[in-house]
Amino acid sequence: MPENAEFYIYTPGKTVVLGPITSKENITGKRLWSTNSFPGDAVILEMKIPKGQKIGDYLHISKVLFGIPPKKYQDNSDSAAFGVFNSSSSCNINVMCAEGNPYASERKAVCLIQTPNAEFGSAELLANTCNTNKPYLLTAWHNTDGRNPNDWTYIFGWWSSTCSPNTYNQQGLLFNGATLRATYEPTDFSLLELFQTPPSNSDITYLGWSRSSTVPNTSAGIHHPKGDQMKISFADNPASIGNVRLNSNTAWRVLWTRGIAEPGSSGSPLFDVNKRVIGQLFSSTQPTSPPCNQVSGGTNYGRFDVSWTGGGTNATRLSNWLDPSGSNAFTTNTTNISNLFGSLTINGSINICTLPNTYTIPNLPADATVAWTTTPANLTTPSTGTGATFTTSMGGTVNGN
């Protein structure tokens, strides 16, 4: 995309609109840029270029996917933009129901994966021990096996606005493309990094996690079964140790007591009682159509604690990505992106020749400290803290780390 240009894609009735797409969406390495899905049999592409700007060879359509299996629309064929609305089992619980209220922060970290071949999965943003806003996404190995996450779309915040009935929501925050950072078949995990960092005002969260090897007494899962709007499931009984394929003791096996998991839930998070991620969904052998919630078989989640060391290399483990400083932390907590480093800003005048001048960093994490430095050195350096007052005698710069 050229600078100052805007690109829109929309249905003839303009009930589904994607855009404006700008140069901020540009990705390097000749990668493909994919859209969400559009209902109906027609779509309009519109490019707006500033008057007088040379029109170049900007737009190349690599592939058009047509004939996705019919969706269940609430109103008409021009009403859905994401996933497969209302396609999952009636056993599922909308995340906006009362049962999901305690997970109001956690649901903001879970996304729907949509591939260019109309396949669906789930993934979740994970916090790292440095509290930076690196957008690492945990999903399933079998989601990425033979597929290219560079071309996927990742849709956050897609849930029914009501508990019942399932109400179609056209709102969602879409990101395009990710890089595969690590993957390990024995625990069925893949760690991706989004090409774009979510903006600090997006209200997206990064999930806390636990490396505990203790079997969870209760657990919960948030997911997009069959590509439907976000659901939540609960296991009100202890899990057991299960397997990923023929790999022994590499999974947590849960029996749902409320809600279930289905295809499309793959890669979604399993939470312990403290709402920390302890695994991602590998497979479900529990029946999903009548009878609902029949306690038979179980759902297997690749164990986070085993994935931490994985295969012993950076490309097959989580540790070096989620603990880049080597702190050996055992847990992290769910955090809103506005409180992560990289999303923080320094408040204060750009003119530092005034006497004195005060600078602050708002929304600093509670356990964080700031070391203030100045350039040149003849600026007075304050003590450590979230705010600092500088007495200046000449021009210079101020940094908070």
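For clarity, every value in this text was computed on a predicted model and none was experimentally measured.
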Margin query: Could you tell me if Ser268 and Ser265 have a donor-acceptor pair between their side chains, going purely by distance under 3.5 Å?
Written below: no

Check: Between Gln280 (side chain) and Asp188 (backbone), is there a donor-acceptor pair under 3.5 Å?
Finding: yes

Notebook entry, point to check: So, are Lys226 and Asp228 salt-bridged, with charged N and O less than 4.0 Å apart?
Noted result: no

Check: Can you name the side chain to side chain donor-acceptor pair (under 3.5 Å) partners of Thr309, sequence neighbours left out?
Finding: none

Notebook entry, point to check: If you look at every heavy atom in Thr197 and Tyr206, which pair is closest and at what distance?
Noted result: CG2-OH, 4.5 Å

Notebook entry, point to check: Is it true that the side chains of Thr115 and Asn117 contain a donor and an acceptor less than 3.5 Å apart?
Noted result: no

Checklist line | Set of residues satisfying ring-ring contact (aromatic ring centres under 6.0 Å, His included) with respect to Tyr103, sequence neighbours excluded | finding: Phe271

Checklist line | Minimum heavy-atom distance between Ile155 and Gly172, given as atom pair plus value | finding: CG2-CA, 4.3 Å

Notebook entry, point to check: If only atom types and distance count, is the side chain of Thr139 paired as donor or acceptor with the main-chain N or O of Ser122 below 3.5 Å?
Noted result: yes

Item checked: Residues which pass side chain to side chain donor-acceptor pair (under 3.5 Å) with Asn328, listed by chain and number, not counting sequence neighbours -> Arg211

Check: Atom OG of Ser248 and atom CG of Leu246: how far apart are they, to the nearest 0.5 Å?
Finding: 8.0 Å

Check: Nearest 0.5 Å, what's the OG1-CZ distance between Thr183 and Arg181?
Finding: 13.5 Å

Next item on the list: Specify the closest pair of heavy atoms between Thr129 and Ala329, including all atoms of both residues, with the distance to one decimal.
Entry: CG2-CB, 3.7 Å

Checklist line | Donor-acceptor pair between Trp209 and Thr332 side chains, under 3.5 angstrom | finding: yes

Next item on the list: Return yes if some donor-acceptor pair links the side-chain N/O of Thr162 with the main-chain N/O of Pro165 below 3.5 Å, else return no.
Entry: yes

Margin query: How close do Gly121 and Leu112 get, counting heavy atoms only, and between which atoms?
Written below: O-CD1, 3.5 Å

Notebook entry, point to check: Could you state the interatomic distance from CG (Asn166) to CG (Asn86), rounded to the nearest 0.5 Å?
Noted result: 4.5 Å

Checklist line | From Asn201 atom CG to Ser338 atom OG, the distance as rounded to the nearest 0.5 Å | finding: 9.0 Å

Next item on the list: Using modelled atom types only, decide if a donor and an acceptor are shared between the side chain of Trp158 and the backbone of Asn169 within a distance under 3.5 Å.
Entry: yes

Notebook entry, point to check: With no hydrogens and no angle check, do the side chains of Ser327 and Asp323 hold a donor and an acceptor under 3.5 Å apart?
Noted result: yes

Next item on the list: Name all pairs fulfilling the disulfide bond (SG atoms under 2.5 Å apart) condition that reach into residues 148-198, sequence neighbours left out, sorted by first residue then second.
Entry: Cys97-Cys163

Note to self: According to ring-ring contact (aromatic ring centres under 6.0 Å, His included), who are the partners of Phe175, at least two apart in sequence or on a separate chain?
What the structure shows: Phe156

Check: Side chains of Thr331 and Asn274: does their closest heavy-atom pair fall under 4.5 Å?
Finding: no

Check: Can you name the residues that form a side chain to side chain donor-acceptor pair (under 3.5 Å) with Asp272, not counting sequence neighbours?
Finding: none

Check: Just by distance, do the side chain of Arg107 and the backbone of Asn101 share a donor-acceptor pair under 3.5 Å?
Finding: no

Item checked: Point-to-point distance, once rounded to the nearest 0.5 Å, from NZ of Lys134 to CG of Leu322 -> 12.0 Å

Note to self: For Trp252, is there any backbone N or O sitting under 3.5 Å from a side-chain donor or acceptor partner on Arg303?
What the structure shows: no

Next item on the list: Given side-chain contact (heavy atoms from CB on, under 4.5 Å), test Tyr154 with Leu125 step by step and report yes or no.
Entry: CA-CA 11 Å; Tyr154 305 84; Leu125 283 166; over 6 Å; no

Notebook entry, point to check: Just by modelled atom types, is the Met96 backbone N or O under 3.5 Å from a matching donor or acceptor in the Asn94 side chain?
Noted result: no

Next item on the list: Output yes when a side-chain donor or acceptor of Asn143 lies under 3.5 Å from a complementary backbone atom of Ser266, and no otherwise.
Entry: yes

Note to self: Are the side chains of Asn217 and Val273 in contact, using a 4.5 Å heavy-atom criterion?
What the structure shows: no

Item checked: Salt-bridge criterion met for Glu262 and Lys231 (N-O under 4.0 Å) -> no

Notebook entry, point to check: Where the side chain of Ser160 meets the backbone of Thr167, is there a donor-acceptor pair that is under 3.5 Å apart?
Noted result: yes

Checklist line | Trp256 and His223 aromatic ring geometry - parallel, tilted or perpendicular at 30°/60° bounds | finding: parallel

Check: Stepwise, does the side-chain contact (heavy atoms from CB on, under 4.5 Å) test hold for Trp159 with Lys108?
Finding: CA-CA 10 Å; Trp159 50 62; Lys108 298 175 184 177; 4.2 Å; yes

Notebook entry, point to check: From Thr205 OG1 over to Ile337 CD1, what is the distance, rounded to the nearest 0.5 angstrom?
Noted result: 9.5 Å

Note to self: Strictly distance-based, threshold 3.5 Å: is any side-chain N or O of Thr132 a donor or acceptor partner for the main-chain N or O of Phe341?
What the structure shows: no

Item checked: Donor-acceptor side-chain pairing of Arg276 and Asn333 below 3.5 angstrom -> yes

